Amino acid sequence: LTYINEASSGAMMVSAATSVTLGSAEVKTMGAQFTVAGAMGAATGKVVINGATATYGLNLPNTDTHGDAIANSWSTYSDATLKKDITPIENALEKVMSMKGVSYEYKSGGGRKVGFLAQDMQQVVPEVVKSMTQADDKDLLCISYDQLTSVLVEAVKAQQAQIEDLKSVVVKLSDNS
């Protein structure tokens with residue numbers, strides 16, 4: 001394993017051999033697999049990249065230079081055997097109609113983005129809003145955009161049911177003419 005810490009950019013590159021120890025954390029590679037065991041930064045078993053807060057298993061900073069991630073696929077545990085108290089999403093179309101999409105720029109820079117304001121989403125679909133404590137103990141709100149998919153699907157189904165109802169009214173009105 002080759003470990004290069006470029007101080008000017010805060011970059012770390014790992015390649016080639018098998019392992020390197022960074023503080024109390026051991027970084028290992030095995031083929032294409034990259035694993036971290038122990039503590040990197042302040043929290044055990046958490047990977048912090050470029051100064052983000054160690055709140056979750058993987059933390060990226062909210063910057064355009066180091067905050068983006070890309071992959072072929074991101075998967076979320078969703079097996080029914082892991083869940084309890086399963087209920088249908090109620091009033092999905094009304095929830096979608098209450099969402100307010102916005103265009104914005106982060107104060108830290110990086111160009112125009114589109115999305116939602118977490119404070120607004122707390123009022124509409126609170127299940128998708130999480131609080132994350134920063135290094136300065138300030139809580140910031142985050143949105144799990146992937147969880148909105150189920151709300152959107154149920155809203156489309158409700159809207160399609162309305163369309164089908166209206167189609168049948170149009171047919172009846174056409175037949176009566």
Side-chain angles (χ1 to χ4, degrees), residues 1 12 14-15 18-64 66-102 106 113-135 138-165:
L1 185 82
M12 177 179 88
V14 180
S15 63
T18 52
S19 73
V20 66
T21 300
L22 307 170
S24 61
E26 183 178 18
V27 180
K28 294 182 180 183
T29 60
M30 181 178 226
Q33 185 175 339
F34 177 82
T35 60
V36 178
M40 281 189 84
T44 302
K46 297 183 179 186
V47 179
V48 177
I49 298 178
N50 201 39
T53 304
T55 305
Y56 296 100
L58 173 63
N59 293 270
L60 302 174
N62 185 21
T63 66
D64 271 356
H66 303 298
D68 289 336
I70 190 168
N72 184 324
S73 172
W74 297 101
S75 298
T76 302
Y77 291 108
S78 192
D79 192 288
T81 62
L82 300 173
K83 301 174 182 183
K84 64 181 185 175
D85 193 25
I86 300 167
T87 58
I89 296 171
E90 299 291 332
N91 305 312
L93 185 55
E94 290 80 9
K95 289 177 183 183
V96 169
M97 294 302 294
S98 296
M99 293 178 189
K100 181 182 173 189
V102 296
Y106 282 114
K113 310 277 186 200
V114 293
F116 300 105
L117 301 178
Q119 288 80 353
D120 292 344
M121 290 300 287
Q122 268 185 320
Q123 305 304 311
V124 181
V125 189
E127 298 90 340
V128 304
V129 179
K130 310 285 184 262
S131 179
M132 186 171 143
T133 303
Q134 301 298 294
K138 180 180 177 185
D139 285 341
L140 293 179
L141 298 178
C142 305
I143 296 174
S144 295
Y145 282 91
D146 60 317
Q147 292 184 30
L148 286 175
T149 304
S150 56
V151 177
L152 298 174
V153 166
E154 293 304 314
V156 168
K157 289 164 50 177
Q159 192 171 56
Q160 189 61 38
Q162 289 178 352
I163 292 168
E164 296 302 323
D165 290 345

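Model, not experiment: these values are computed from the prediction. Side chains are part of it too, since the values below use all heavy atoms of this structure and drop only hydrogens, waters and symmetry mates.
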(request) Evaluate the side chain to side chain contact (heavy atoms under 4.5 Å, CB included) criterion for residues Gln162 and Leu93: first the C-alpha distance (whole Å), next the side-chain angles of each, then the deciding distance (0.1 Å), finally the verdict. (result) CA-CA 11 Å; Gln162 289 178 352; Leu93 185 55; 3.7 Å; yes
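- Annotation: the span from Lys100 atom NZ to Gln123 atom CD amounts to 13.0 Å, rounded to 0.5 Å.
- Contact annotation: the side chain of Leu148 approaches that of Met121 to within less than 4.5 Å [non-hydrogen atoms, C-beta and beyond].
- Glu127 places none of its side-chain heavy atoms less than 4.5 Å from the side chain of Val151.
- Two residues are said to be in side-chain contact when any heavy atoms from C-beta on lie closer than 4.5 Å; Ile143 and Leu141 fail this criterion.
- Annotation for Phe116 and Tyr145: closest pair N-OH, 3.0 Å, computed over non-hydrogen atoms.
- Put simply, NZ on Lys130 and CG on Leu140 are 15.5 Å apart, with the number rounded to the nearest 0.5 Å.
- In plain terms, the two heavy atoms of Ala155 and Ala92 that are nearest each other are N-CB, 3.5 Å.
- Residues Met99 and Val125 meet the side-chain proximity criterion, which asks for heavy atoms closer than 4.5 Å.
- Residues Ala118 and Cys142 come closest through the heavy atom pair CB-N, 4.4 Å.
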